[in-house]
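Single-structure report; data block below.
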Amino acid sequence: MAFPWLSAAILFPIGASLLIPFVPDAGDGKRVRWYALGVALITFMFTVGGYLNGYDPAIEGLQLVERYQWLPNLGLAWSVGADGLSMPLILLTSFITALAALAAWPVSFKPKLFYFLLLAMDGGQIAVFAVQDMLLFFLAWELELLPVYLLLAIWGAKKRQYAATKFILYTAGGSVFILLAALAMGFQGGGPPSFEYSVLAAKHFGTGFQVLCYAGLLIAFGVKLPIVPLHTWLPDAHGEATAPVHMLLAGILLKMGGYALLRFNVQLLPDAHVQFAPLLVVLGVVNIIYAALTSFAQRNLKRKIAYSSISHMGFVLIGIGSFSALGTSGAMLQMVSHGLIGASLFFLVGATYDRTHTLQLDEMGGVGQSMRKMFALWTVCSLASLALPGMSGFVSELMVFVGFATSEAYALSFRVVIAVLAAVGVILTPIYLLSMLREIFFGKENAELVAHTHLVDAEPREIYVISALLVPIIGIGLYPRLMTDSYRASIEALVAREEVALGKTANPPAKAVMRRPPVGLTPAALLQAPALG
């Protein structure tokens, strides 16, 4: 029997978190932090082991499958597995969490509780991407809410209670739609209920039913992505969180929304996706432009980067709605890329605040001479965020642009308008990021800040965390197939399913031009398309 890599990656950190109260510690966290880091690294090795020993990127179907009956009368089973939509995000989750455990090194207030929540969240987030049962997905989705709430409410800044409450209200409120859609889809069609993705994908839901489920799931997942106007919890949460919590929010939590849109809205409800795809594209452009302009106006460093994250996630929406293998692949790559870049920027925000004790750009200035290594780290990560060629962000955004621009599912005029508007956001990004660097590190020195703070340059631990994130950022930027090949087959199969749904639609939305496969090119043949990237 093969080793249960995914079950181990889910259950090991959760089980290990329960042992934290028994870890001998003097109360300063010096021992428990090593324990948590070790658990997070072992969990990362479980996910890497699964990828190397049981996952074949050339296969589009489910792999590393583990299934055990749990509550058969309710149609609920412990069913986990991975395909191209989930495996990259499982690896990203365990990798970012291990670095977040290292980023949490200075935590000395209630360290056992902090690391308990961190490890429990690790298992819960991996479960979101790995489970193959919709009810189990809902339970995993809910499991990670409580740790985030407590991490914000206990270790946050002055307005932490407000930010934590807003987070839980938005996300828990959206979760209701997941439960309702799961129950409706599971019981649809008569017979014993089943909530496994494979069973749901084989059912033939009516278009009206699909539209209702799609709308509810779009609200639920739109909160997590987040989609404007469901985004307002994110700047508040980031404004109050600590550096490791920032890394988990930006690096993993937002990707859960994008993944769920692909898994449920696109894969299980393809007919409704044909109707909603133009809306996703428009919402993606709104995200890009609105959040970029708002980020440009922010004077709080955390909120500026938070709105930058919202802007970058707009490309995910455009890629998902593109009806293009290249565009959808770009959306997937953008999730991975932004997870790495967002985690790096927010870690640097926390490191900078630890030195300057302020987040207001008006109170910073002229610290570049005192923190030269920190300036270098900030510069490289900011260039990655503004999509400098050679970085992962450039490749992912370019794939979304080209994939949507060449998609035959939309009229040419619609594609041109969307491309032009999205380009506005791309132009704004370097303006607000480079001006941010100038205000922090150059300009007139704040004499009061320098006099009352000890501006220590980047420490080896901080350099290591950023270096670990930059390796895949630059590696993917130079050779994108390092990542795109891991999910190419699954993306092509997903787009083939979209092709079939689009071909059945008599009146495509948004003045779309019906995109039909050429004569002799069947959905099966579409799976044999050349590699992306």
Side-chain angles (χ1 to χ4, degrees), residues 1-16 39-70 76-98 119 121-141 143-144 194-202 252 255-256 258-260 262-264 266-268 329 332-333 335-336 339 472 481-494 497 527 531:
M1 181 179 178
F3 184 79
W5 295 106
L6 294 180
S7 292
I10 295 169
L11 299 177
F12 175 71
I14 295 175
V39 171
L41 288 173
I42 293 173
T43 303
F44 176 58
M45 296 309 298
F46 281 145
T47 61
V48 172
Y51 182 80
L52 296 178
N53 294 290
Y55 180 78
D56 184 356
I59 299 175
E60 59 90 8
L62 200 62
Q63 304 176 63
L64 299 170
V65 178
E66 303 158 25
R67 190 179 188 281
Y68 308 96
Q69 286 294 340
W70 187 11
L76 187 60
W78 176 262
S79 179
V80 297
D83 60 5
L85 300 182
S86 56
M87 195 70 224
L89 298 175
I90 291 172
L91 292 169
L92 177 70
T93 298
S94 58
F95 179 62
I96 295 295
T97 304
L119 294 180
M121 191 174 173
D122 191 11
Q125 289 180 323
I126 292 175
V128 166
F129 300 121
V131 297
Q132 298 299 314
D133 183 285
M134 200 166 180
L135 272 188
L136 203 58
F137 171 87
F138 171 76
L139 295 176
W141 186 275
L143 175 62
E144 53 80 31
S194 178
F195 303 95
E196 291 194 56
Y197 302 161
S198 58
V199 176
L200 297 179
I252 306 170
K255 313 308 169 286
M256 292 165 56
Y259 162 79
L262 288 171
R263 176 66 72 194
F264 299 106
V266 179
Q267 190 174 58
L268 301 185
S329 179
M332 191 73 193
L333 187 61
M335 286 194 282
V336 175
R481 291 186 64 166
L482 287 172
M483 182 56 61
T484 59
D485 278 356
S486 69
Y487 58 74
R488 175 179 59 86
S490 294
I491 291 295
E492 289 174 353
L494 185 67
R497 190 174 175 87
L527 304 185

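Remember, predicted model here, so these are calculated numbers, not experimental data.
Looking only at distances, no side-chain donor or acceptor of E60 sits under 3.5 Å from a matching main-chain atom of A58. Of the possible polar contacts, none joining the Y55 side chain to the L64 backbone as a donor-acceptor pair under 3.5 Å is found. Side chain of E66 to backbone of G81: no donor-acceptor contact under 3.5 angstrom is found.
The shortest heavy-atom contact between V80 and L6 is CG2-CB, 4.2 Å. Nearest heavy-atom pair across P13 and A8 is CD-O, 3.8 Å. Between S194 and V199, the shortest heavy-atom distance links the atoms OG-CG2, 3.5 Å. The minimum heavy-atom distance between I491 and S329, with the atom names listed, is CG2-N, 4.0 Å. Of all heavy-atom pairs between A40 and D122, the closest is CA-OD2, 4.4 Å. Heavy atoms only, all atoms of each residue included: S490 and G84 are closest at OG-N, 2.8 Å.
No side-chain heavy atom of Y487 sits under 4.5 Å from any side-chain heavy atom of P57. At least one side-chain heavy atom of I252 sits under 4.5 Å from a side-chain heavy atom of T97.
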- request: Report the C-alpha distance between I42 and F12 in whole Å, list the side-chain angles of each, state the deciding distance to 0.1 Å, and finish with yes or no for side chain to side chain contact (heavy atoms under 4.5 Å, CB included).
  value: CA-CA 9 Å; I42 293 173; F12 175 71; 3.6 Å; yes
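Remark: L200 CG to Q132 CD distance equals 11.0 Å, nearest 0.5 Å. In this structure, L85 CG and F129 CZ are separated by 11.5 Å, a value rounded to the nearest 0.5 Å. Once rounded to the nearest 0.5 Å, the distance linking OH of Y259 with CG of L89 reads 8.0 Å. I90 contributes atom CD1, which lies 12.0 Å from atom CD of Q125 (distance to the nearest 0.5 angstrom). Taking CG of L262 as the reference point, atom CE of M332 lies at 7.0 Å (rounded to 0.5 Å). How far CG of L143 is from CZ of F138: 11.5 Å, rounded to the nearest 0.5 Å.
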Side-chain polar contacts of residues 43-51 - donor-acceptor pairs under 3.5 angstrom, sequence neighbours left out - could you list them?
from : atom 1 : to  : atom 2 : distance (Å)
T43  : OG1    : V39 : O      : 2.9
T47  : OG1    : F44 : O      : 2.6
T47  : OG1    : S94 : OG     : 2.8

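Listed by first and then second residue, the side-chain hydrogen bond (donor to acceptor under 3.5 Å, both in side chains) pairs that reach into residues 77-91 are S7-W78, S79-E196, D83-S86, D83-R263, sequence neighbours excluded.
For A201, the side-chain contact (heavy atoms from CB on, under 4.5 Å) criterion is met by L268, R497, not counting sequence neighbours. In this structure, W5 has no side-chain hydrogen bond (donor to acceptor under 3.5 Å, both in side chains) partners at least two apart in sequence or on a different chain. Residues passing the ring-ring contact (aromatic ring centres under 6.0 Å, His included) test with F137 are W141, F264, sequence neighbours excluded. For E144, the side-chain hydrogen bond (donor to acceptor under 3.5 Å, both in side chains) partners are K224, not counting sequence neighbours.
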